Amino acid sequence: MTFTTYEKSGRVAVITLNKPESRNAIGTLEECSDLAGALMRAHDDGDINAVILTGAGKAFCSGGDLKAIRERTGIGPQASPDGTRANYRRAVQSIIRALADVEVATIAAINGPAIGLGMDIGILCDMRVAAQSARLASSFVKVGIIPGDGGAWILTQAIGYSRAAEMILTGDQIDAEEALRLGLVNKVVPDDQLMAEALKLAERVAVNPPRAVRLAKRLLRESQHGRLHDIMELSAAFQAHAHETKDHKEAVDAFSEKRPPKFTGA
């Protein structure tokens with residue numbers, strides 16, 4: 001059985017972490033590759049505009065598998081520091097790179113605890129909807145390690161240095177309402193409404209022209225670390241491409257003719 005399931009409906013794909021017996025903990029290189037591969041599958045599918053990432057059972061993702069870490073058999077420590085460094089780069093960080101590189105919109109439907117690596121995966125998604133039962137923590141220091149997945153950057157980008165420092169250095173857990181107050185999630189909903197709300201958000205993205213969505217998503221990512229003048233240059237280049245798409249012409253024609261547009265991704 002694979003670590004993830006992948007379901008496609010129209011222009012929306014739902015990727016589910018599917019190891020509920022361990023609260024969707026990530027323990028092996030294969031599980032990292034499976035999740036990264038599912039994300040890139042959506043990236044490579046020109047018909048997909050949005051991805052919802054969620055967890056099976058009562059947890060989103062409880063982070064790294066501590067049993068595998070303790071036994072040095074999984075995604076954590078190896079026989080030497082050099083081996084451990086290489087292990088993080090090819091395993092945990094492959095998920096983070098995939099999330100950073102995927103050009104479709106990503107929505108985390110956080111259905112329960114999102115801890116450590118699990119929180120960072122959720123936070124790196126473009127948008128986050130949380131169930132009322134969700135709990136989030138950057139709890140690495142609680143077990144004597146640090147965010148080896150790039151979480152210091154991810155969390156600082158999301159909520160600023162001071163608040164990220166408080167979460168990372170204390171390792172404290174917060175509930176869904178506090179996550180909303182901090183800006184870690186876009187919306188909190190009753191547990192039984194989570195997927196419906198996430199799907200509504202995904203559909204609001206999916207109705208738009210696919211190429212425009214992907215270009216806008218790439219601009220958002222580049223804007224996190226680029227200078228204004230560099231982003232304006234990139235925007236001009238992307239816009240030159242967007243103006244030549246058939247979907248742009250269809251959008252303008254539909255507006256003029258007062259009818260719904262029909263986008264094809266061309």
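What you are looking at is a predicted structure, and each value in this text was computed from that prediction instead of being measured.
A distance-only check finds a donor-acceptor pair linking the side chain of Q93 to the backbone of G148 [under 3.5 Å]. With hydrogens and angles ignored, the 3.5 Å screen pairs a side-chain donor or acceptor of N111 with a backbone N or O of G55. Looking only at distances, a side-chain donor or acceptor of N24 sits under 3.5 Å from a matching main-chain atom of A56. Remark: the backbone N or O of P261 is not paired with any side-chain donor or acceptor of E250 at under 3.5 angstrom. N87 places a side-chain N or O within donor-acceptor distance of the main-chain N or O of G76, the cut-off being under 3.5 Å. When atom types are taken as modelled, the side chain of N49 and the backbone of N208 share a donor-acceptor pair closer than 3.5 angstrom. Checking side-chain atoms of D47 against main-chain N and O of R11 turns up no donor-acceptor pair under 3.5 Å. Within the 3.5 Å criterion, the main-chain N or O of Q78 finds a donor-acceptor partner in the side chain of T84. Using modelled atom types, one side-chain atom of K217 and one backbone atom of V102 make a donor-acceptor pair closer than 3.5 Å. At least one donor-acceptor pair under 3.5 Å links the side chain of R214 to the backbone N or O of H43.
Across all their heavy atoms, L99 and L124 have their closest contact at CB-CD2, 3.7 Å. Heavy atoms only, all atoms of each residue included: R128 and I123 are closest at NH1-O, 3.2 Å. Residues S133 and D191 share a closest heavy-atom pair of OG-OD2, 2.6 Å. Shown here for D172 and K142, the closest heavy-atom pair between the two residues is OD1-NZ, 3.9 Å. Residue A38 comes nearest to T4 through the heavy atom pair CB-OG1, 3.9 Å, listed as atom of the first residue, atom of the second, then distance. The heavy-atom pair separating A251 from F263 by the smallest distance is CB-CE2, 3.8 Å.
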*Given side-chain contact (heavy atoms from CB on, under 4.5 Å), test E166 with L182 step by step and report yes or no.*
CA-CA 12 Å; E166 181 177 352; L182 291 174; over 6 Å; no
_Determine whether E31 and D65 satisfy the following criterion, side-chain contact (heavy atoms from CB on, under 4.5 Å), listing intermediate values before the conclusion._
CA-CA 11 Å; E31 288 167 353; D65 189 321; over 6 Å; no
*Could you go step by step and tell me if I110 and M119 meet the side-chain contact (heavy atoms from CB on, under 4.5 Å) rule?*
CA-CA 9 Å; I110 304 175; M119 188 192 81; over 6 Å; no
_If you apply the rule salt bridge (charged side-chain N to carboxylate O under 4.0 Å, His left out), what do you find for E233 with R227, and how did you get there?_
CA-CA 10 Å; E233 286 296 324; R227 299 184 312 123; over 6 Å; no
_Residues I26, V92; criterion side-chain contact (heavy atoms from CB on, under 4.5 Å); working and verdict_ = CA-CA 9 Å; I26 299 173; V92 170; 5.9 Å; no
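Between K200 and E197, at least one side-chain nitrogen of the basic residue sits less than 4.0 Å from a carboxylate oxygen of the acidic one, meeting the salt-bridge criterion. Using a 4.0 Å cut-off between charged side-chain N and carboxylate O, R211 and D247 make no salt bridge. The existence of a salt bridge linking D126 and R221 is confirmed by a sub-4.0 Å separation between a basic side-chain nitrogen and an acidic carboxylate oxygen.
Counting heavy atoms from C-beta outward, L184 and I174 have side chains that approach closer than 4.5 Å. A 4.5 Å side-chain heavy-atom check between T245 and P209 finds every atom pair outside the cut-off. Counting heavy atoms from C-beta outward, M167 and I159 have side chains that approach closer than 4.5 Å. Between K187 and L201, the closest side-chain pair of non-hydrogen atoms is not below 4.5 Å. The shortest distance between side-chain heavy atoms of V14 and M195 falls below 4.5 Å. Between P77 and I69, the closest side-chain pair of non-hydrogen atoms falls below 4.5 Å. T28 is not listed as a side-chain neighbour of F3, based on a closest heavy-atom distance of 4.5 Å or more.
Taking CG of L194 as the reference point, atom CD of Q132 lies at 10.5 Å (rounded to 0.5 Å). Atom CD in E244 sits 10.5 Å away from atom CD in Q239 (nearest 0.5 Å).
Neither I107 nor L53 shares a network with the other; the hydrophobic side chains, linked directly or stepwise wherever heavy atoms of I, L, V, M, F, W or Y lie under 4.5 Å apart, form separate groups for each. By the rule that hydrophobic residues join a cluster once side-chain heavy atoms approach within less than 4.5 Å of another member, I96 and I15 end up as members of one cluster. By the rule that hydrophobic residues join a cluster once side-chain heavy atoms approach within less than 4.5 Å of another member, V104 and I95 end up as members of one cluster. The cluster map of Ile, Leu, Val, Met, Phe, Trp and Tyr, joined by side-chain heavy atoms under 4.5 Å apart, puts I52 and L35 in different clusters. Clustering ILVMFWY residues whenever any of their side-chain heavy atoms sit less than 4.5 angstrom apart, transitively, puts L17 in the very cluster that holds I154.
Taking a 6.0 Å sphere around NE2 of H229, one finds it holds 12 or fewer heavy atoms contributed by other residues, nucleotides or ligands. Crowding of R23 atom CZ: a count of heavy atoms from other residues, nucleotides or ligands under 6.0 Å not exceeding 12. Other residues, nucleotides and ligands contribute over 12 non-hydrogen atoms within 6.0 Å of the NZ atom of K8.
Here the rule is side-chain contact (heavy atoms from CB on, under 4.5 Å) with F140, and of I115, D149, I168 only D149 fits it.
Seen from the ring of F238, R218 does not count as a face-on cation partner, given the 6.0 Å and 45° thresholds.
Residues N18 and T5 bring no donor and acceptor atom of their side chains to less than 3.5 Å of each other.
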